[in-house]
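Here the structure is a predicted model, which means the values were calculated and not measured.
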Amino acid sequence: MTTPPTDETLLQTALQGDEGAFVALYRRWQGPIYRFARQMCGSEPAAEDVVQDVFLALVQDARRYDAERGPLSAYLYGIARHLVLRRLRREGVREALMETDAVAALQETQPRHDDTDAFDLIDRRESIEAVQRAIGSLPVSYREAIVLCDVQELPYEQAALVIGCPIGTVRSRLHRGRALLADKLRARVGLRGIA
Amino acid sequence: MTCDDYQGLIIDIARGDAVDRASREEARRHAALCAQCGAQQQEQQWLTAQFRAIAQADAQRNAPERVEIAALAAWRATYTSASQSPAAAVVVTAMLPRTTTARVLKGPWLMSGLAAAGLAAAAMLTMFLWPTSTSPSPSGRTPVTTVVSSARATKSEPATTSGTVATVARNTESRGGREDVVPTERPRALRTASMTKTAQRDEFLPLPYVEPLRSTEARHVVRVSMTSGDEMIIGVLPADRRNGQPFEADVLVGEDGIARAIRVVR
């Protein structure tokens, strides 16, 4: 049983003109990057743009990648993050709209019976959508910590590389982001049970 | 364990991160005694479950296939020996949104663009200042813009030697927005070999994944050099048409800089 080649090996092979290696690399990482960008931007077209730009950047500047600074996946996520932040800055107004949407969506999921645990009342799919919207309404620094660490399940070390900050900062942002998320969901859905 | 101690562990426990057994047990006892911490723990565990459900629901979401086609085309244009010219990258941008198009125009493309823009400006200036060399446009046609471009133009290879100078003229009255590339009278110095030779061209074929040009929209024609691999990428012609030989093509570009159609120059 052969071990699949590492990202770094695939990249080196691709740089030597092996198309199959490039395709393998693309197929390995387009999904996670697409999902990261979609979670961050809340838009599929935007996520498509980000994936395109990430791999165009890799094609154009692949030799800028330094394996000693971290895994290729962190490098790709880092490019994606940069593109996402640039897009979010450009579309600053949209964040406010997302916030409004999130409020509306969460209010729609208001439980009908006050004496029932709200968490249990929210339909599974609706609750996922509500949480996604709530994530989208978080400040970007907390949003990216939650998307990277909790949704994408990157280790803290790798998330720190992507964001470009110490691990402790990632942990504190994750802690704060989760607390904000709980506040939002509790306030809007009417969650009880917390003193 | 105090509430502060517990707060330091609550996320790790909720995420299922590695926490030593003694600390975990102590935290569990604290959560059982402290209603507030216990409720927070429940919340955080619920959130963790939601995050995993989101990840599971999203697991099959991928970028559309066209993104892979575009990325692969860009890779081929850069790394395959058969495609020394970056023409494919130009055509690939036809499939890409504006932001990506702008990215591709960085680096050597930026230099090419600047050279082309400079030459176009010089052409326009010369047309105004050189009355003996100018002549009226063909009847019924209004010159819209003059575009000088070359996919191969680089610092060491000026656009005037390898590019094509063409004026896109629009017959707004009778052609309903359809464009022709019409070489018009202009200063002799701006003529190029590729411009003066008689070229036979196919009809423009619309490129996939882009919206068609509006009839009122300004447009440019960009002459590029391509290989059969490039045309396979954009689905213009079957591979056996060109036998891998380089050939020239005109790319119709909208005012937004995105290519809309292509035709082969024989």
So, the part of A/Gln152 with a heavy atom under 4.5 Å from chain B: the answer is neither

Honestly, the part of A/Val23 sitting under 4.5 Å from a heavy atom of chain B is side chain

If one checks every heavy atom of A/Ala37 against chain B at 4.5 Å, the contacting part turns out to be neither

Note to self: Tell me whether A/His175 contacts the main-chain N or O of B/Ile10 through its side chain, where contact means a donor paired with an acceptor under 3.5 Å.
What the structure shows: no

Intermediate values then yes/no, side chain to side chain contact (heavy atoms under 4.5 Å, CB included), B/Leu72 and A/Tyr26: CA-CA 9 Å; B/Leu72 186 56; A/Tyr26 173 87; over 6 Å; no

key: Residues A/Glu44 and B/Arg61 bridged, charged N to O under 4.0 Å   = yes

Assert top hit (heavy-atom pairs under 4.5 Å, partner chain B, pool A/Cys149, A/Ala47, A/Pro32) equals A/Cys149

So, the part of A/Gln16 with a heavy atom under 4.5 Å from chain B: the answer is neither

- Is any side-chain N of the basic residue among B/Asp12 and A/Arg171 closer than 4.0 Å to the acidic one's carboxylate O? yes

Rounding to 0.5 Å, atoms CH2 (B/Trp46) and CG (A/Leu185) come to a distance of 5.0 Å

| request: Please test A/Arg27 against B/Asn62 for side chain to side chain contact (heavy atoms under 4.5 Å, CB included), starting from the C-alpha separation and ending with a verdict. | output: CA-CA 9 Å; A/Arg27 290 183 180 168; B/Asn62 292 304; over 6 Å; no

Under 4.5 Å to a heavy atom of chain B? For A/Leu15 that would be both

